[in-house]
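The structure appears right after this line, and notes come after that.
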Number of protein chains: 2
Amino acid sequence: MGAKETRENIVEAADVLIYQRGYENTSFADIAGHVRISRGNFYYHFKTKDEILDAVIDERLTATKQILDTWEADAAGPADCVRSFIDILLDNRLDIENYGCPVGTLSTELAKLNHAVQPEANRLFTLFRTWLRRQFTELGSGEDADDLAMHLLARSQGVATLATAYRDEAFVRREVQAMYDWLDDRVLSAPGSIS
Amino acid sequence: MGAKETRENIVEAADVLIYQRGYENTSFADIAGHVRISRGNFYYHFKTKDEILDAVIDERLTATKQILDTWEADAAGPADCVRSFIDILLDNRLDIENYGCPVGTLSTELAKLNHAVQPEANRLFTLFRTWLRRQFTELGSGEDADDLAMHLLARSQGVATLATAYRDEAFVRREVQAMYDWLDDRVLSAPGSIS
DNA sequence: GTCTATAGACGGATAGAC
DNA sequence: GTCTATCCGTCTATAGAC
């Protein structure tokens with residue numbers, strides 16, 4: 001097995017474990033165990049735990065960019081793109097109920113830890129934010145586009161948090177529908193309030 | 001110093017530290033250091049770390065009940081009560097920017113840890129939920145009261161998460177205003193959609 | 001002299017780092 | 001594979017109130 005492949009396996013395992021258990025509660029031994037390599041081999045690829053976190057964030061950034069590109073390519077228009085974003089809550093419902101949103105929970109944990117790479121992790125939020133902003137701009141929201149993007153980000157984060165607490169599918173579906181309706185208002189009417 | 005007072009000091013320090021650093025990242029030594037007692041003394045009052053967590057959650061439940069009662073006593077009516085809830089985001093803005101919402105972040109961390117007391121922690125959410133539901137019932141929302149309570153809970157959780165990521169005061173104020181407007185729609189019009 | 005509250009040493013386990 | 005630090009938890013010792 002090549003070095004590159006081993007490294008990718010490590011990042012992939014770390015990605016999942018950090019999502020499911022949180023960063024601080026994921027140990028080297030956990031990751032090494034999942035990749036089935038020795039801890040010695042481990043240190044050949046990553047010198048510190050923070051380096052792994054960096055690699056995981058980079059990997060998530062790359063994967064997210066690719067997903068957003070795909071959505072944009074497949075969508076009929078900007079409103080359809082936004083619906084793809086809203087649908088995350090349904091498509092990843094079970095993971096979200098168990099572990100929350102991977103973006104929000106990592107950002108919050110790193111904030112509490114006062115971790116140096118928190119700004120890096122927040123770029124994941126910004127990736128969605130600028131992408132959503134572009135969709136709203138194309139929908140004619142003008143100056144409000146960024147506010148609308150932030151509003152929708154917040155809505156989905158809140159639904160994810162409560163989905164984790166209550167594991168209530170009906171609630172998630174209701175809120176997704178409410179976001180659809182909210183979007184339709186933005187599409188059909190003049191740009192304005194975000195209520 | 002009496003035993004009761006020492007115990008209260010421990011719970012108080014643990015409450016703050018668990019909020020600021022997270023549960024798993026708060027050690028006995030941290031708490032003992034803040035209370036200025038030895039670790040030995042510590043174990044006289046609490047046998048396990050989970051016992052402290054339990055005590056902290058109980059303390060938060062009691063404190064929250066008291067706050068909700070105060071709000072209800074001071075408010076002009078149910079709409080005013082809901083506004084008090086929304087105002088949490090402004091009143092605790094700086095803490096939220098640094099550490100997130102104490103309810104949501106603890107609930108999410110315990111979910112990831114698969115911790116036995118997660119249901120207990122979620123009772124904090126339920127405390128707000130049933131209280132908000134009562135306000136909406138009094139506002140004439142009928143069957144929708146619980147949905148509206150959950151919706152507002154989710155909105156505030158989402159704003160808290162993004163406030164932690166971006167530390168953007170203008171965003172928080174915008175979203176608070178949007179929730180005010182949303183509430184006014186519920187007060188003035190017939191009960192219906194939550195968009 | 002017993003009980004309560006406190007202190008601090010000690011143990012095994014596990015962490016990250018080299 | 002080893003090293004050091006730190007974790008949680010248990011242990012014994014002690015100081016003072018009653």
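Lettering follows sequence order; numbering is per chain, from 1. These numbers were taken from a predicted model, which means no experiment stands behind them.
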Can a cation-pi geometry be assigned to A/Lys49 and A/Tyr23, taking NZ or CZ under 6.0 Å from the six-membered ring centre and within 45° of the ring axis?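 Yes, cation above the ring, under 6.0 Å and within 45°.
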Within 45 degrees of the ring normal and closer than 6.0 Å to the centroid, is that where the cationic atom of B/Arg129 sits relative to A/Tyr166? yes
A/His34-A/Asn9 side chain donor-acceptor pair, cut-off 3.5 Å: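 The answer is no; no qualifying pair exists.
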What's the shortest heavy-atom distance between A/Ala165 and B/Asn122, and which atoms? O-ND2, 2.9 Å
To check you understand the geometry: which heavy-atom pair defines the closest contact between A/Gly100 and A/Tyr19, and what is its length?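 Looking at all heavy atoms of both residues, the shortest contact is O-OH, 2.6 Å.
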Can you measure B/Arg21 atom CZ to D/dT6 atom C1' for me and round it to whole angstrom units? 14 Å
How does each nucleotide of nucleotides 7-16 of chain D score, in 5' to 3' order, for protein heavy atoms under 4.0 Å: base (B), sugar-phosphate only (S), or none (-)? SBBB------
